[in-house]
Amino acid sequence: MRYHPLTIAFRIYQLVKSNFFIAILLFVLNRESEFWIWKYGRYVFLLYIIVRLISIVLSWFVEKYEWKDRVFHIHKGIFVKQSSTIPFNKVQNVTRKTTVFHKIVGLTSLTFETAMDGVEDGIHFEVISKKHADELIDLVKANQVKVSEPELVSTMELEEEVEQEPVQDSYRTVHFTPKKKDLWKASFTSLSFLAIIPIVAGLLDNIQPFLEGRFEGILQMLLDSSWLFGIMIAIAVIVAVSFGIGRTFIRYGKYEISSDATHIYIDRGILNESYFAIEKKKIQGLEMEQSFLKRLLGLAEVKLISSAKPNQEDGSVNVNSLYPFLPLESAYKLIEEILPIYQVNSQLERLPRIALWLKLFRLNWMWIIVTAVLFYFKPDFLHIAWWGWSLLLLGIILLNRILNYIHTRYVVTDDQVQWWEGGLTSRMFITKRKNIVEMSYSQSRLQSHFQVATVSTTNRSTPVHVETIQDLPLDFALEMKNWYFKRVEDVEFENKK
Amino acid sequence: MNDIKLENSLSPSFPKIRRISETIGNIIGLLVIGILFWLQSFFDWPIWTFWILVGLTVLTILGIIWSIFEPTYLYRSWSYQYDDEYLQLSYGILQKEWVTVPMTKIQSVTTSQGPILKRYRARSIKVETVGSSHAIPALEEEVAFALREKIAEFAKLKEVDE
């Protein structure tokens, strides 16, 4: 089957979009320039665009897809014919995105992501009709479920607090939709950039002597009358704040996390709509992250660790993230509801006291290098001597380490390991023993003297997810090693002799 | 784990092999530094490049002294073990490392042999998993092949849910 004909239009649109700035640079800004880069650049650029246009049109004729017996077959290549097969059960997650382009023509896009080692990762339908997309999703899902055993359906119990919205599929449970309050909080976390204002003010103070003479008129007037300068800053802040709030509302305003017995679904977006589905058993682990600001506001981001390739086309919205601004209690509740096999413990153990000293006295190469550079150049930035900056950096590093000591907590239960760690940004990580593909621990001389060790675990993900916790008690590390050796108990083999 | 000893150790000729290859590396390093010194004086590079080169020379000399003792200690610290389920490696002089990989998660195993290893009838083995790769630097040829076969046999097993 050929892809939708509008794929050509979509690809041309993408081509225009991604080359727009280069075109402006070549043909508008440097139109008159005879410098060789611009002069020949124009020809090379035109040639490139023509070749791309031809290949876009031609490739539509040769690219085909079909499915047979739970396997997708994909054919492509203009000169070198390429065909690949992707079994349905290798599909890790499903993403459906409706950008503004798709909305105008009333279509959508669809991606099945896989985690196979190879060039062709997944199947991407750039333009597809909504009906056909639904058909394909159902097709793949039906066959995935057939392979897996029905899991315990404890997610089906509806919690009273959960706002009930009309659900598309009768058996899908909605777990989270953001309320107005959450969104205001969320937009607040994007205000951290306001911190640059004092820095900019300080900078202006410093560079003023250089600017004199050049912008004498305007800048001087601005700087001289403090109220005018104040108004300017106020306007800039208001613009930036409303931009930030608007962006947050558009991006995270319409958002719905739901699940059924086997899959987790995320529907989101106002301008660019997207739908994301992942099979529960494909999830390798869970991560909960709190930046400094988010912790002040009691928010957290929950991420699913899966071996699917993160598709980063839509910029900062990470597909693996459930929702970046979940209130903490909702985050815990959400994990319990959608993935009941993970038990989030609140009783965790802390590091031994000695770990704090080890952390404080560990050498920090970044600080040493920065200090050496500062010592050599001795810059007088913002009227603070070079050693002031060095001490400031050291202070931040030490604070981060103390916080890291306070935040690091760990617990290992039956077949699950959970830990919190991190300094200014803290992070929780939970995974199951069978999902840990490699475990190691190490001890430096100092660590072995104080009977502590560094433990790290590796999970399948793209890129590979490695968790490292420093200065755990040695007893625990040894216990964990034995715990890991029991991994065989959790694992079933497909083809055991 | 202060000194975990796993069942097997490296080929006894490992210290020799290591010493030869380190010597070759050191000679090349010294040659490069010598050339840089010559370039520095010939082209009149700024004076700080000279001090950087002096620093490099000091580091290289320290490295050479270290490389006299290191192979023996490294040989003593290295051990590995494998059974039907796991491959375990333990090594490191100052920083002790202990790694365990389930056999089923190993994706490929490669043995290789350079001229020095060949001279001592040894092979190195590299094991690749989804996440990383681990190398056992020198094993006697028969041991290396046996290990390779064993890993290949168990790597065939596939876990459900992949």
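Every chain is numbered from 1, with letters handed out A, B, ... down the list of sequences.
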Heavy-atom count check: over 12 atoms from other residues, nucleotides or ligands less than 6.0 Å from [X] [atom1]?
X      : atom1 : answer
A:R362 : CZ    : yes
A:N482 : CG    : yes
B:Y73  : OH    : no

With side chains defined as the heavy atoms from C-beta onward, is the minimum distance between A:R487 and B:Y86 less than 4.5 Å?
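Result yes, sub-4.5 Å side-chain heavy-atom pair found.
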
Pairing donors with acceptors under 3.5 angstrom, does anything connect the side chains of A:E438 and B:T100?
no

Exactly one of A:S444, A:S448, A:S442 should register a side-chain hydrogen bond (donor to acceptor under 3.5 Å, both in side chains) with B:Q95. Which one does?
A:S442

Contacts of B:K126 that satisfy salt bridge (Lys or Arg N to Asp or Glu O under 4.0 Å) - sequence neighbours left out:
B:E128

With chain B as the partner, which of A:H465, A:R445, A:M439, A:Q447 has the greatest number of non-hydrogen pairs under 4.5 Å?
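Looking at each option in turn, the highest pair count goes to A:M439.
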
Tell me which pairs pass side-chain hydrogen bond (donor to acceptor under 3.5 Å, both in side chains) where either residue lies in residues 13-42 of chain B, with sequence neighbours left out.
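Checked against side-chain hydrogen bond (donor to acceptor under 3.5 Å, both in side chains) - neighbours excluded - the pairs reaching residues 13-42 of chain B are B:S11-B:S13, B:R18-B:E22, B:R18-B:E70, B:R19-B:T72, B:N26-B:S67.
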
Restricting to non-hydrogen atoms, name the atom on B:V101 and the atom on A:V437 that form the minimum distance, rounded to 0.1 Å.
CG1-O, 4.2 Å

In terms of the angle between their ring planes, are B:W98 and A:F485 parallel, tilted or perpendicular, with boundaries placed at 30° and 60°?
perpendicular

